[in-house]
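The structure appears below as structure tokens.
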Protein chains: 2
Amino acid sequence: MLRLERTEINEASPTPLYRQLAEAIRTRIRLGDIKTGDALPSERELSDAARISRVTVRRAIETLLDEGLLSRKHGSGTYVAPRIEQQAGLLSGFSSDMGNRGLRPGSVWIERGAGNPTPEEAMTLGLGIDEFVLRFARVRTADGEPLAIERAVVPARFLESPDAVGTSLYAALEAQGHRPVRGLQRIQAGLATQEEARLLSVVPHAAVLRIERRSFLADGSPIEFTRSAYRGDRYDFVTEVREPRTPDTSR
Amino acid sequence: MLRLERTEINEASPTPLYRQLAEAIRTRIRLGDIKTGDALPSERELSDAARISRVTVRRAIETLLDEGLLSRKHGSGTYVAPRIEQQAGLLSGFSSDMGNRGLRPGSVWIERGAGNPTPEEAMTLGLGIDEFVLRFARVRTADGEPLAIERAVVPARFLESPDAVGTSLYAALEAQGHRPVRGLQRIQAGLATQEEARLLSVVPHAAVLRIERRSFLADGSPIEFTRSAYRGDRYDFVTEVREPRTPDTSR
DNA sequence: CAGTGGTCTAGACCACATA
DNA sequence: ATGTGGTCTAGACCACTGA
């Protein structure tokens, strides 16, 4: 049985109680103190043991439900859900994507500069045609092998200069306080053009995965428009999907 | 200014207040009463006007944050987020996917029957090799044109018989009370084999999008393993991605 | 039936934004 | 300084599950 004492909770910490509690439970699950299929102590028990109000306990549990670590059954209990490997469907740039796959990211620059947006870019990024954009085109490599061609466009006002981008565009954006929080991706299958084949070291007409991404800041403003072509033989895209309706029975 | 009166809330309804309130706000946004970028009335104002506690008001707002309809700024206010077209990243079967795209779904059966799982299927679906599975293989059509080849495997215990599946596998599963709530998809680009080319009416070596999906019930049990091959020239896969970290500043 | 999660309240205090 | 969202509490009642 999981025993959670008040001692695990740091009253003075600036971290909210519900997050500390969520983290404590997450840790117990990771360590195997409570295993897949086991029931968590009831909300009231947790509340008593940790001396935290039940509302706050529920909030912690809801965090873990969102993460897919727990599942609740009305009238029955809260259970540790079977592991669904990694978290997918998360917004990440090429660099952290490769990191998750255990590959070393790299890049070879094709183009880096500023200019006026094309009408399509202006539309996608919600820009006037007089606002500048920065362009970044690279061959992205994994462990030194070419894996993708990536062409990114970012409104100029979000970055000091094109040179602010080292290996990771996302890192550069975040450094300036512009962190994308959501994105919309369109994925297609296609055949490599002559030029793509050359850059990716594949034969012409090899299969490529084309990914188009628009990402947005928390307030909804578009911050990035990227088109990529990945080698079909070396890359797959993993995504997690959730239930469509909004029964919202979970909270 | 948005005016929300208590009259919009039906005290007697079995629908929870927070959902009624969320629906009311959703409607106001859809009707254009409050437009993109506008601030919502403060939580306290909404609470007073609707005579609903602030906690409950927050809960309604959180629902809409999850849907991407609103964004919150600490110390400032809650705003209507710019529209990000449709909801993507949702779990849906072929039939409803086509419905969303305004196409008429159809199918031509290739195989329908029961059998023992392959080792791979047993592993993926968490089955013993003595448990039966049902198999459904179809050419899926959109407005009568072949669009994809879909091969689904479902543990036999979730369906009365293979014939329970008409056009929609998901509809059949749901009819038996087994609704998948999350799925994991793997997407790859490839070239059509001879047989695929024939079934899809494309030339051999045309680009195809291969999608592998495992989906799960609320309690985490695997319920479906499906492999599909979509025509690359007629289909794109759209998905929404969210921020990776868990700042969870939204709730 | 007892025990569990689901919903709701009124009120408090803190942290941040804006002027 | 005021107003906004962010966190937290104690307690209540309902709805569902399972012995």
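In what follows, chains carry the letters A, B, and so on, assigned in the order in which the sequence lines appear, proteins first and then strands, with residues in each chain numbered from 1. All figures in this text were calculated on a predicted structure; none of them were measured in a lab.
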(message) Taking atom types as they are modelled, would you say the side chain of B:H74 forms a donor-acceptor pair with the base of C:dA15 within the 3.5 Å cutoff?
(response) yes
(message) Is it the case that D:dG6 (base atoms only) and B:R54 (side chain only) share a donor and an acceptor within less than 3.5 Å, ignoring hydrogens and angles?
(response) yes
With respect to the phosphate group of [N], does any side-chain polar atom (N or O) of [X] fall under 4.0 Å of OP1 or OP2?
X: B:T56; N: C:dT9; result: yes
X: B:Y18; N: C:dC8; result: no
X: B:S76; N: C:dC16; result: no
X: A:S53; N: D:dT9; result: yes

Take the protein atom [atom1] of [X] and the nucleotide atom [atom2] of [N], then report the distance between them rounded to whole Å.
X: A:I52; N: D:dT9; atom1: CD1; atom2: C1'; result: 11 Å
X: A:L17; N: D:dT7; atom1: CG; atom2: P; result: 11 Å
X: B:D48; N: C:dA10; atom1: CG; atom2: P; result: 10 Å
X: B:R72; N: C:dA15; atom1: CZ; atom2: P; result: 18 Å
X: A:E43; N: D:dC8; atom1: CD; atom2: P; result: 16 Å
X: B:R58; N: C:dT7; atom1: CZ; atom2: P; result: 17 Å
X: B:K73; N: D:dG3; atom1: NZ; atom2: C1'; result: 16 Å
X: A:L21; N: D:dT7; atom1: CG; atom2: P; result: 14 Å

(message) Whether the A:Q20 and A:T15 side chains hold a donor-acceptor pair (N or O, under 3.5 Å, no angle test) is what I'd like checked.
(response) no
(request) For the residue pair A:L46 and A:L40, establish whether any side-chain heavy-atom pair is separated by less than 4.5 Å. (result) yes
(message) Between B:R59 and A:E62 (salt bridge meaning N to carboxylate O under 4.0 Å), is one present in this structure?
(response) no
(message) So that I can tick it off, tell me whether A:E120 and A:R227 are bridged by a salt bridge, with the cut-off set at under 4.0 angstrom between side-chain N and carboxylate O.
(response) yes
(request) Supply the atom-to-atom distance B:F237 CZ to B:S228 OG, rounded to the nearest 0.5 angstrom. (result) 10.5 Å
(request) Let me know, please, whether A:S42 or B:R44 comes out on the 5' side of the other along DNA chain C by nearest nucleotide. (result) A:S42
(message) Which is more 5' along DNA chain D, the nucleotide nearest A:V57 or the one nearest A:G75? Just name the residue.
(response) A:V57
